[in-house]
2 protein chains.
Amino acid sequence: MERKEKVNERKTSRGRQRIEIKKIEKETARQVAFTKRRQGVMKKASELAALCGAEVVIVTIS
Amino acid sequence: MERKEKVNERKTSRGRQRIEIKKIEKETARQVAFTKRRQGVMKKASELAALCGAEVVIVTIS
DNA sequence: TACTCTATATTTAGTGC
DNA sequence: GGCACTAAATATAGAGT
């Protein structure tokens, strides 16, 4: 299906919200945050390695 | 000394520029990028750990 | 060398499919 | 559970101190 079909849709997103840095209690939300953020950390780490010729090892448990 | 003294200074920054993800050849620039970005990766990792109750270990060499 | 500042690039919370 | 999207939060390149 079409990627963008914003024709005359109302905005449905309030964009990124600020969150407190404390454990997310809701299981599913925590899982989602973990997936997204692990990806982000990995990307940043790859960039660090590539840009600076450094070795970066990351281990995430759970 | 004062943090902000922008009184009637011209803008001196073009803001964050886009860079290519390849090894930075200039030694000093690479060192600066390494310092800034390692800090950033560490912060992201801490947040991941705090938010998701995960264990994150990062090792950076050089 | 490390820190500050500004403008802009990038990440991601919330939402829908 | 994952992908796509939007808009706001955050990281950071470049320049100055």
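Any value given below was found using the heavy atoms of this structure, including those in side chains, with hydrogens, waters and symmetry copies removed. Order of the sequence lines fixes the chain letters, A, B, ..., with proteins taken first and strands second; residue numbering starts at 1 for each chain. Remember, it's a predicted structure, so these values are computed and weren't measured experimentally.
To the nearest 0.5 Å, atoms CE (B/Met42) and OG1 (B/Thr60) are separated by 4.5 Å.
Summarising the geometry, the separation between NZ on B/Lys26 and P on C/dT1 is reported as 10 Å, rounded to the nearest angstrom. Whole-Å rounding puts the A/Gln31 CD to C/dT12 P distance at 15 Å. Between the CZ atom of B/Arg38 and the P atom of C/dT1 there is a distance of 14 Å, rounded to whole Å.
Taking both residues in full, the closest heavy atoms of A/Arg30 and A/Lys23 are given as NH1-CE, 3.7 Å, listed atom of the first, atom of the second, then distance. Of all heavy-atom pairs between A/Ala54 and B/Phe34, the closest is CB-CE1, 3.7 Å.
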**Request:** If a protein heavy atom is under 4.0 Å from the base, mark B; if only from the sugar-phosphate, S; if neither, -; do that for nucleotides 9-14 of chain D going 5' to 3'.
**Result:** BSBBBB
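For the helix from C/dA2-D/dT17 to C/dC17-D/dG2, the rotation axes defined at the first and last 5 base pairs enclose an angle of 40°, given to the nearest 10°.
Using a 4.0 Å cut-off between a side-chain N of Lys or Arg and a carboxylate O of Asp or Glu, B/Lys44 and B/Glu47 do not qualify as a salt bridge.
The backbone N or O of B/Gly15 lies less than 3.5 Å from a partner atom in the side chain of B/Gln17, making a donor-acceptor pair.
Within the 4.5 Å cutoff, side-chain heavy atoms of B/Ile58 are placed close to those of B/Val41. Using a 4.5 Å heavy-atom threshold, the side chains of B/Ile19 and A/Leu51 count as touching.
In terms of hydrophobic clustering, with Ile, Leu, Val, Met, Phe, Trp and Tyr side chains grouped at heavy-atom distances under 4.5 Å, B/Ile21 and B/Ile24 are assigned to a common cluster.
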